[in-house]
2 protein chains.
Amino acid sequence: MSQTVDRALSILPLLAEGPADLGQVAERLGVHKSTALRLLRTLHEHGLVYRQSDQRYRLGARLFALAQETMENLDIREIAHPHLVRLNEACGHTVHLAVYEEGEVLYIDKVESRYPVRMYSRIGKPVAVTVAAVAKLLLADLPEPERRALTDKLDYPLYTARSTPNAPAFLRELEQVREQGWATDLGGHEESINCVAAPIRGADGRVVAAMSVSAPNVVVTAEELLTLLPQVRRSADAISGEYSGRTPVTDPTRDLA
Amino acid sequence: MSQTVDRALSILPLLAEGPADLGQVAERLGVHKSTALRLLRTLHEHGLVYRQSDQRYRLGARLFALAQETMENLDIREIAHPHLVRLNEACGHTVHLAVYEEGEVLYIDKVESRYPVRMYSRIGKPVAVTVAAVAKLLLADLPEPERRALTDKLDYPLYTARSTPNAPAFLRELEQVREQGWATDLGGHEESINCVAAPIRGADGRVVAAMSVSAPNVVVTAEELLTLLPQVRRSADAISGEYSGRTPVTDPTRDLA
DNA sequence: CTCGCCGTTGCATTATCTGCAACGGCCATT
DNA sequence: AATGGCCGTTGCAGATAATGCAACGGCGAG
């Protein structure tokens, strides 16, 4: 909607690929070098872009700080965290919390496994949306048209032989997930890793987040992991209760200066 | 340098404080509502801002993804990570990696303690620069004018009785740190937590990062932690060697379209 | 020593952004 | 049920601010 801002923001994903110098930025934006320079300078003043010693630009530290603050301001996360910790203490495995936003699912909290073998994941990283248990729960609850539109334009990468292969299969799976109220990922993302997940609902019953327990085959079999399902669901329901009670659409903003 | 972009980017820290509606954003920017709307829309298109169900705006998921990619592109991090893991396996405590950028020090990697009592910290979070051991190392190596300018405009919050109280004391400490080539934080940030840290240097000898081992008093005393110093320094030196060898100012960019 | 590349600057042009005013939906109030 | 006010949204004309150009200077390579 605003050309100048649009151009400036287009620089960010470009730099996310790796450092670039002024000429490269200008070329990829399709603007004059002087224009690119002014945009980069503005981004720099705000700390979103950093100029390293070799004069090339890369993304800046402020991005981390912003991402950090965003996360800490998410009220679901705050409410859920102690429950995740408790569940982790009870079962010992890695516990994740995830939310949906604009076609993506991302982890917003994580409590690490106590076992030495850990699965790789990082808070803030977009989740493999076609296979992850938490993603299935979040997508299953979308209004039908949105769900349809999304599943249509998704890719279905075959991480393993058990990955969801295409849109129709995925839609069927989502249907089932929605009805049973829980989801699994049995080696669909990484051959040797299984997850069980349960939904967290707001006061209106809509799914606002999902949590999961993940563990590699070498620690527990898929069957053993499934026995944890009741525990996971109880945790999720407890969070749902607190969340519905405390924060329907409340606004704790206090700055009427 | 560019007014429009400047205004748009000013929205981000504003939203980092918490969700806000159009009117609030416009007011705090000092612009007309229609202007604020156009800026927010542009930010939204790029995923930096998200519009929640109650129509208010908050920071968006793309921020996480960008922060994530930035981090993973840092070559020091990549080189250092296995060393951090090895050090953690050897001593069991929390290991951090930090860099300096534009007046701030931030953690860019972390391997969690194996002990149940863990110190709080998060990757991406700016470090308490006047007390953290890694910060001392990074600031001690700055060129004198920059170091002076920075220490002058810093705050010196008294987290504990052993926090660095003011600029002169801090400068003396930095002097000592630079000469001895390592640093500590003995309860200067949190009463019961101690750290020992060592610098990682580039090919030209400049400090490019710093790593530390942290542990609470209840697990090991400060004296015991200090016995780990040689190990920490060996790790840091090993990383320095690899980093100098592999990446002086190399550019792995491959896109001359 | 010289050539060429890259980042940088001042300036005139013109495109772009801004504020205004008016509309419409929604919620709360009477 | 009707009404008033609030908030987000849109089209438009004026004015400001962004753009590309051309020229400079520093730096490294040949």
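Note on naming: letters A, B, ... go to the chains in the order of the sequence lines (proteins, then strands), and numbering restarts at 1 for each one. Since we're looking at a predicted model, the values are computed, not measured.
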Can you give one letter per nucleotide of nucleotides 4-20 of chain D, 5' to 3': B if a protein heavy atom sits under 4.0 Å from the base, S if only from the sugar-phosphate, - if neither?
----BBB------SSBB
Could you write nucleotides 24-30 of chain D as a row of B, S and -, 5' to 3', where a protein heavy atom under 4.0 Å of any base atom gives B, of only sugar-phosphate atoms gives S, and otherwise -?
-------
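The stretch residues 128-138 of chain B participates, sequence neighbours left out, in these side-chain hydrogen bond (donor to acceptor under 3.5 Å, both in side chains) pairs: B:K136-B:E173.
Considering B:R62, B:R51, B:R58 as possible partners of A:E101, the one that fulfils the salt bridge (Lys or Arg N to Asp or Glu O under 4.0 Å) test is B:R58.
Applying the salt bridge (charged side-chain N to carboxylate O under 4.0 Å, His left out) test to A:D141 and every residue at least two apart in sequence or in another chain returns A:R206. Considering only residues two or more places apart in sequence or on other chains, B:E104 meets the salt bridge (charged side-chain N to carboxylate O under 4.0 Å, His left out) condition with none of them.
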Show which side-chain atoms of residues 31-45 of chain A pair as donor or acceptor with protein atoms under 3.5 Å away, not counting sequence neighbours.
from: A:T42; atom 1: OG1; to: A:R38; atom 2: O; distance (Å): 2.9
from: A:T42; atom 1: OG1; to: B:S2; atom 2: N; distance (Å): 3.2
from: A:H44; atom 1: ND1; to: A:V49; atom 2: O; distance (Å): 3.4

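Under 4.0 Å is where a charged nitrogen must lie from a carboxylate oxygen, and between A:D109 and A:R77 at least one such pair does.
Note: B:Y107 and B:H96 have parallel aromatic rings, judged against thresholds of 30 and 60 degrees for the angle between ring planes.
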